[in-house]
Amino acid sequence: MSSTVDRNGRHAEISGAGFAGLTAAAALAQRGWTVRVHEKGKELREQGAGIVLWHNSLQVLKAIGAWDRAMSDSMTPPFYETRVQGRTVSQEDFGGLPWRTMTRPHLHKALLETALEAGVEIRTDSEVVSADPRGEVALASGETLKADLVVGADGVKSAVRDSIGFEQERWKSRDGITRFLVPRCKDELGPGDWDNVIDFWNLEPRYLRVLYVPCNERELYIALGAPRDDEQGSRTPIDLDLWTSVFPELAPVLKAAAVADDPKYYGYETTVVSEWSRGRAALVGDAAHAMCPALAQGAGTAMTNAYTLAVAATEAADAGIEDALTRWWHTERPITDRVQKRSADYAANRGMSKGNQFDEVNLETAQYDPTDTDRHATA
Ligand SMILES: Cc1cc2nc3c(=O)[nH]c(=O)nc-3n(C[C@H](O)[C@H](O)[C@H](O)COP(=O)(O)OP(=O)(O)OC[C@H]3O[C@@H](n4cnc5c(N)ncnc54)[C@H](O)[C@@H]3O)c2cc1C
């Protein structure tokens, strides 16, 4: 994929250079659009630690030509293991369904390089303050830019969504998480299945959880979960005595987390927006459907919907782009709604702690192939 693609005379302005914005940008530019992405941050970088991707987003990485870059420093752990009060209750391998773990900076870099290679222009320190469904974005600098397509990929606090006035419901779950990227510390951890993803649950006498996700041979993502109203469990920097007393087997990696720079506790957030497009403006990713991380599909659905948006917008004759966007989200939304709802239910009832929760129903989104042109005919 390269910038030598024939240009089709259409232009897109995208707010946000996260996973959703970069995927949409690359896919549009590869289809002939000129694309400009605005990122309000001063630098192009992904906050956060690690990520689990499944077949749906892996297919997108292949389709946009980011596959080799993303796969280069990532892994498929042997099992997704669930442990409760120190006892293994399940080890799932998803029956051969492709899945992959990696660091967020690594995925971001793979998407960024792919977008730049496709000819996307990216402006940092460029905040979008509002958008207009007729195809305009206004920047904090005072500049107003016109486009055939405006994409709000600006996350859970989306300015595109809020300035246009999409109706929405937003709520926070009772739990949240502090995420770290630390060295694997395999030797210090001692013998064990340390290549597995391991979801450690402590339910009695209090809820505390560690999601252990190896990303490659060197880097480990750990997410420390605690209720929002647990002052000690949600404290940053973490209370090392508390965490090592509950999860003594993880002491070496918890010690590394305790000295991490600038840790932040995030409450899980769900956002349900009435429509995903209005006029020439469309929403993708957390701007449209932020979800709890139980089924690890926030970024997966962000990339999936960003990709299908680019395909749908390109296929529309220019006069029909508004209808094409409406058709796009009516077609693509139901599967995202379902995984979002299931993820919110799991956050509310902590049901992932039962183990063996990745059944056919819960893997529906993971198995989806947004690049299969017959996907809706066969659904
Ligand atoms: C604890 C936790 C674990 C998770 N684990 C997984 C997982 O394993 N797998 C998975 O698929 N998902 C996971 N998710 C979800 C995933 O992180 C998000 O769904 C995904 O990052 C959303 O991407 P995005 O591009 O839509 O938004 P963001 O990543 O929020 O990116 C938005 C970008 O827009 C920029 N921006 C914001 N406002 C403006 C503006 N006004 N103008 C210009 N730029 C702006 C921001 O700076 C940012 O760069 C997890 C989430 C959490 C909280």
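One-based numbering, in listed order, for ligands and for the atoms of each.
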Quiz item: Any idea which atoms of ligand 1 are less than 4.0 Å away from a heavy-atom of A296?
Solution: 7 (C), 8 (O), 9 (N), 10 (C), 11 (O)
Quiz item: Name the one of Y221, W194, Y80 that satisfies ring-ring contact (aromatic ring centres under 6.0 Å, His included) with Y212?
Solution: W194
Quiz item: Taking only residues two or more places apart in sequence, or in another chain, which ones meet S57 in a side chain to side chain contact (heavy atoms under 4.5 Å, CB included)?
Solution: L53, M303
Quiz prompt | Contact check, side chains of S353 and L203, non-hydrogen atoms, under 4.5 Å | solution = yes
Self-check item: A153, portion touching ligand 1 at heavy-atom distance under 4.0 Å
Solution: backbone
Exercise. Output the list of atoms in ligand 1 that are nearer than 4.0 Å to some heavy atom of G285, sorted by atom number.
Key: 26 (O)
Exercise. List the steps and the verdict of ring-ring contact (aromatic ring centres under 6.0 Å, His included) for W201 and F247.
Key: CA-CA 9 Å; W201 291 81; F247 302 102; over 10 Å; no
Quiz item: Of the listed options (A223, S158, G155, A366), which comes nearest to atom 30 (O) of ligand 1 when hydrogens are ignored and any heavy atom counts?
Solution: G155
Quiz prompt | N or O pair under 3.5 Å between D286 and ligand 1 | solution = yes
Quiz item: With respect to atom 25 (O) of ligand 1, which of A20, G225, A302 exhibits the smallest heavy-atom separation?
Solution: A20
Quiz prompt | K157 and D286 ion-paired at < 4.0 Å | solution = no
Quiz item: Any side-chain heavy atom of T308 within less than 4.5 Å of one from R375?
Solution: yes
Quiz item: Tell me, which protein residue and heavy-atom name are nearest atom 35 (C) of ligand 1, and how many Å apart are they?
Solution: E39 OE1, 3.3 Å
Practice problem: Could you tell me whether R184 and E219 have a side-chain N and a carboxylate O separated by less than 4.0 Å? | Solution: no
Quiz item: ligand 1 versus A159, non-hydrogen atoms closer than 4.0 Å: side chain, backbone, both, neither?
Solution: side chain
Quiz item: Quick one: does NZ or CZ of R209 land under 6.0 Å from the six-membered ring centre of F200, within 45 degrees of the ring axis?
Solution: no
Quiz item: What residue and atom, counting heavy atoms only, is the protein's closest point to atom 8 (O) of ligand 1, and at what distance?
Solution: V52 N, 3.0 Å
Quiz item: Heavy atom under 4.0 Å from ligand 1: found in F19's side chain, backbone, both, or neither?
Solution: both
Quiz item: Salt-bridged, K109 to D73, with N to O below 4.0 Å?
Solution: no
Quiz item: Should the proximity of A299 to ligand 1, defined as any heavy atom under 4.0 Å, be assigned to the side chain, the backbone, both, or neither?
Solution: both
Quiz item: What residue and atom, counting heavy atoms only, is the protein's closest point to atom 2 (C) of ligand 1, and at what distance?
Solution: R179 NH1, 3.5 Å
Quiz item: So which bit of Q297 gets within less than 4.0 Å of ligand 1, heavy atoms only: side chain, backbone, both or neither?
Solution: backbone
Practice problem: Have a look at K40, H108, R104 and point out the one with the heavy atom closest to atom 45 (C) of ligand 1. | Solution: K40
Self-check item: Per-atom contacts of ligand 1 with I177, taking only distances under 4.0 Å to non-hydrogen atoms
Solution: 1 (C)
Exercise. Have a look at ligand 1 and work out which part of W54, if any, has a heavy atom under 4.0 Å from it: side chain, backbone, both or neither.
Key: neither
Quiz item: Among all residues two or more places apart in sequence or in another chain, which pass the salt bridge (charged side-chain N to carboxylate O under 4.0 Å, His left out) test with K341?
Solution: D345
Exercise. Could you tell me the residue and atom name of the protein heavy atom closest to atom 31 (O) of ligand 1, and the distance to it rounded to 0.1 Å?
Key: G18 CA, 3.6 Å
Exercise. Between S126, G298, G41, flag the one that comes closest to atom 15 (C) of ligand 1 by a heavy atom.
Key: G298
Self-check item: Within reach of ligand 1, part of K157 (heavy-atom separation under 4.0 Å)
Solution: neither
Self-check item: Which of the ligand 1 atoms, numbered from 1, are nearer than 4.0 Å to a heavy atom of S15
Solution: 40 (C), 42 (N), 43 (C)
Quiz item: In the protein, what heavy atom is nearest to atom 41 (N) of ligand 1, and what distance, to one decimal place, separates them?
Solution: V128 O, 2.9 Å
Quiz item: When you check the gap from the basic side-chain N to the acidic O, do R342 and E364 get nearer than 4.0 Å?
Solution: yes
Quiz item: Can D230 and R228 be counted as an ion pair, charged N to O under 4.0 angstrom?
Solution: no
Quiz item: Does a donor on one side chain and an acceptor on the other come within less than 3.5 Å for T124 and E39?
Solution: no
Quiz item: Tell me, which protein residue and heavy-atom name are nearest atom 34 (O) of ligand 1, and how many Å apart are they?
Solution: G16 CA, 3.2 Å
Quiz item: Can you tell which of W276, F166, W329 makes a ring-ring contact (aromatic ring centres under 6.0 Å, His included) with H289?
Solution: W276
Quiz item: Does D154 approach ligand 1 within less than 4.0 angstrom via side chain, backbone, both or neither, non-hydrogen atoms only?
Solution: both
Practice problem: Taking only heavy atoms of Y221 into account, list the atoms of ligand 1 that are under 4.0 Å away from them. | Solution: 3 (C)
Quiz item: What do you reckon, does G300 have a nitrogen or oxygen under 3.5 Å from a nitrogen or oxygen of ligand 1?
Solution: yes
Quiz prompt | Electrostatic pair E188-K186, nearest N-O below 4.0 angstrom | solution = no
